[in-house]
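Below, read A as the first sequence line, B as the second, and so on, with proteins coming before strands; counting in each chain starts at 1.
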2 protein chains.
Amino acid sequence: MTASRPYANALELLRAAKLRPTRQRLALARLLFEKGDHHVTAEQLHGEAQAAAVPVSLATVYNTLHQFVDAGLLREVAVNPGRSYFDTNTADHHHFFFEETGKLMDIPSDRINVTNLPEPPQGAIHRVDVTIRVGKAKA
Amino acid sequence: MTASRPYANALELLRAAKLRPTRQRLALARLLFEKGDHHVTAEQLHGEAQAAAVPVSLATVYNTLHQFVDAGLLREVAVNPGRSYFDTNTADHHHFFFEETGKLMDIPSDRINVTNLPEPPQGAIHRVDVTIRVGKAKA
DNA sequence: CTCTATGATTAGAATGATTCTAATTTAAGC
DNA sequence: GCTTAAATTAGAATCATTCTAATCATAGAG
């Protein structure tokens with residue numbers, strides 16, 4: 001069960017990732033991992049931290065998000081050029097992207113069949129992302 | 001054959017899109033559509049235009065790319081947060097994304113099977129993008 | 001428990017992509 | 001050829017993100 005870790009507390013997560021459990025990393029880890037899978041931008045997480053009276057700079061939010069991505073605790077999702085989303089669900093899965101609201105919703109990988117994947121001409125497949133873009137109901 | 005239009009000249013494309021055939025739009029349309037499917041960033045296209053001695057500002061390149069997207073002549077591809085790619089292939093298809101080089105490669109839609117698509121909880125599916133991210137061959 | 005070295009955080013400046021603004025130029029129709 | 005609406009432009013402005021250099025805090029030694 002590497003995928004979801006509602007059990008692990010923030011401290012253990014940081015230890016496992018070999019990251020010093022500093023005040024702000026602990027706080028950010030809690031905000032990210034103690035309320036189920038969700039998607040945030042750096043700006044949003046910074047806002048949540050402020051709201052929780054955690055003193056943390058935007059630079060540290062960015063640093064921390066990237067460290068978490070490197071440690072495999074988060075996934076970066078590219079759907080919107082010019083804004084990065086970070087996904088606390090690191091299991092193999094896909095997304096609905098609601099173009100009107102800019103919101104993401106997870107789709108478990110077993111809800112979609114993707115088969116017959118072509119081999120890349122070079123290198124190795126690192127990930128397969130399926131994004132279902134959802135617009136306003138068309139007339 | 002709405003998808004590929006190697007036949008159409010730039011002038012016809014602009015007329016069909018109800019866009020005034022100005023000097024710079026014509027030149028950009030030629031650069032984009034007269035050499036087969038490919039992927040460009042705004043910066044790249046601007047560079048190509050300069051190289052072709054076409055006087056055009058970066059602002060106009062952006063304006064034109066977006067107008068072409070709105071007219072359905074181009075597709076915007078989100079793979080890299082912080083940089084937009086524009087794809088001259090507007091047919092239903094997917095992509096390899098080479099993380100090391102930042103290059104894209106088309107995959108015809110019939111080369112991948114995506115089935116059993118879930119319905120969105122609201123709105124209508126606008127597009128389904130499959131991105132196969134390719135990294136350095138893993139050890 | 002205190003000290004120190006290393007690593008983390010910070011504010012603010014810098015960067016890069018993109019968009020905006022206001023002024024100038026150009027295409028289209030008469 | 002004019003006139004007018006639309007397009008283009010340079011440069012400023014904006015937004016997300018990264019960098020810089022200085023300050024601060026954690027971990028481990030003693």
Side-chain angles (χ1 to χ4, degrees), chain A residues 10-32 39-50 52-71 73-74 76-86 102 104, chain B residues 10-32 39-50 52-71 73-74 76-86 102 104:
Chain A
L11 192 59
E12 287 167 12
L13 279 186
L14 293 179
R15 271 209 245 283
K18 299 200 204 322
L19 292 170
R20 261 196 211 176
T22 62
R23 205 172 291 291
Q24 22 287 305
R25 286 210 274 234
L26 276 167
L28 294 177
R30 278 200 204 94
L31 288 172
L32 287 169
H39 308 92
V40 292
T41 63
E43 203 71 55
Q44 276 168 19
L45 183 59
H46 186 233
E48 285 181 42
Q50 310 256 271
V54 178
V56 60
S57 70
L58 190 52
T60 296
V61 172
Y62 274 104
N63 288 340
T64 304
L65 285 171
H66 288 139
Q67 289 154 357
F68 285 6
V69 168
D70 291 345
L73 301 175
L74 285 178
E76 195 167 356
V77 183
V79 277
N80 220 351
R83 185 177 248 90
S84 273
Y85 289 72
F86 295 87
L104 282 166
Chain B
L11 192 60
E12 285 168 15
L13 280 186
L14 293 180
R15 270 210 245 285
K18 297 201 207 323
L19 292 169
R20 260 198 209 174
T22 63
R23 202 171 292 290
Q24 21 287 303
R25 286 210 274 235
L26 276 167
L28 295 177
R30 277 199 206 97
L31 288 171
L32 287 169
H39 308 92
V40 291
T41 63
E43 205 70 55
Q44 276 167 19
L45 183 58
H46 186 233
E48 286 180 42
Q50 310 255 273
V54 177
V56 61
S57 70
L58 190 53
T60 295
V61 171
Y62 275 104
N63 287 341
T64 304
L65 285 171
H66 288 140
Q67 289 155 356
F68 284 6
V69 169
D70 291 346
L73 301 175
L74 286 178
E76 196 167 355
V77 183
V79 277
N80 218 353
R83 184 178 249 93
S84 274
Y85 289 72
F86 295 86
L104 283 166

* Asked: Taking it one step at a time, do Glu43(B) and Leu58(B) satisfy side chain to side chain contact (heavy atoms under 4.5 Å, CB included)?
  -> CA-CA 7 Å; Glu43(B) 205 70 55; Leu58(B) 190 53; 4.1 Å; yes
* When you look at Tyr85(A) and Gln44(A), which way does the side chain to side chain contact (heavy atoms under 4.5 Å, CB included) test go after all the steps? -> CA-CA 10 Å; Tyr85(A) 289 72; Gln44(A) 276 168 19; 5.6 Å; no
* To do: Could you check Val54(A) against Leu28(A) for side chain to side chain contact (heavy atoms under 4.5 Å, CB included), going step by step and ending with a plain yes or no?
  => CA-CA 9 Å; Val54(A) 178; Leu28(A) 294 177; 5.9 Å; no
* To do: Could you give me the CA-CA distance, side-chain angles and deciding distance for Leu19(A) and Arg25(A), then say whether side chain to side chain contact (heavy atoms under 4.5 Å, CB included) is met?
  => CA-CA 9 Å; Leu19(A) 292 170; Arg25(A) 286 210 274 234; 4.0 Å; yes
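One can place CG of Asn80(A) at 11 Å from P of dT19(C), the figure rounded to the nearest angstrom. Between the CG atom of Leu65(A) and the P atom of dA8(C) there is a distance of 15 Å, rounded to whole Å. If you measure from atom CG of Leu14(B) to atom C1' of dA7(D), you get 13 Å, rounded to the nearest angstrom. Atom-to-atom, CD of Gln44(B) to C1' of dT18(C) comes out at 16 Å; the value is rounded to the nearest Å. Atom-to-atom, NE2 of His46(A) to P of dA11(C) comes out at 8 Å; the value is rounded to the nearest Å. For Asn63(B) and dT19(C), the CG to C1' distance is 9 Å, given to the nearest whole Å. Rounded to whole Å, atom P of dA8(C) lies 12 Å from atom CZ of Phe68(A). In this structure, CG of Leu19(A) is placed 13 Å from P of dG7(C), rounded to the nearest angstrom.
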* Asked: What string of B, S and - do you get for nucleotides 20-30 of chain D 5' to 3' if you count protein non-hydrogen atoms under 4.0 Å?
  -> ------BS---
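When the side-chain nitrogen and oxygen atoms of His66(B) are compared with OP1 and OP2 of dT18(C), none of them lie within a distance under 4.0 Å. Remark: Thr60(B) is in phosphate contact with dT9(D), judged by side-chain N or O atoms under 4.0 Å from OP1 or OP2.
When each of Val61(A) and Glu76(B) is assigned the nucleotide of DNA chain C with its nearest heavy atom, Val61(A) is the one assigned upstream, toward the 5' end. For Val56(B) and Pro81(B), each mapped to the nucleotide of DNA chain D holding its nearest heavy atom, the one lying further toward the 5' end belongs to Val56(B).
You'll find the side chain of Val40(B) reaches within 4.5 Å of the side chain of Glu48(B), heavy atoms only. A 4.5 Å side-chain heavy-atom check between Phe68(A) and Leu14(A) finds at least one atom pair inside the cut-off.
Separating the NE2 atom in His66(A) from the OG1 atom in Thr64(A) is a distance of 10.5 Å, to the nearest 0.5 Å.
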Anything under 3.5 Å between a protein N or O and an N or O of nucleotides 13-17 of chain C, put it in a table, one pair a line.
unit_1, atom_1, unit_2, atom_2, d
dA17(C), OP1, Arg83(B), NH1, 3.4
dA17(C), OP1, Arg83(B), NH2, 2.2

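With sequence neighbours excluded, no residue forms a side chain to side chain donor-acceptor pair (under 3.5 Å) with Gln50(A).
Judged purely by atom type and a 3.5 angstrom limit, His46(B) has no side-chain atom pairing as donor or acceptor with the backbone of Ala59(B).
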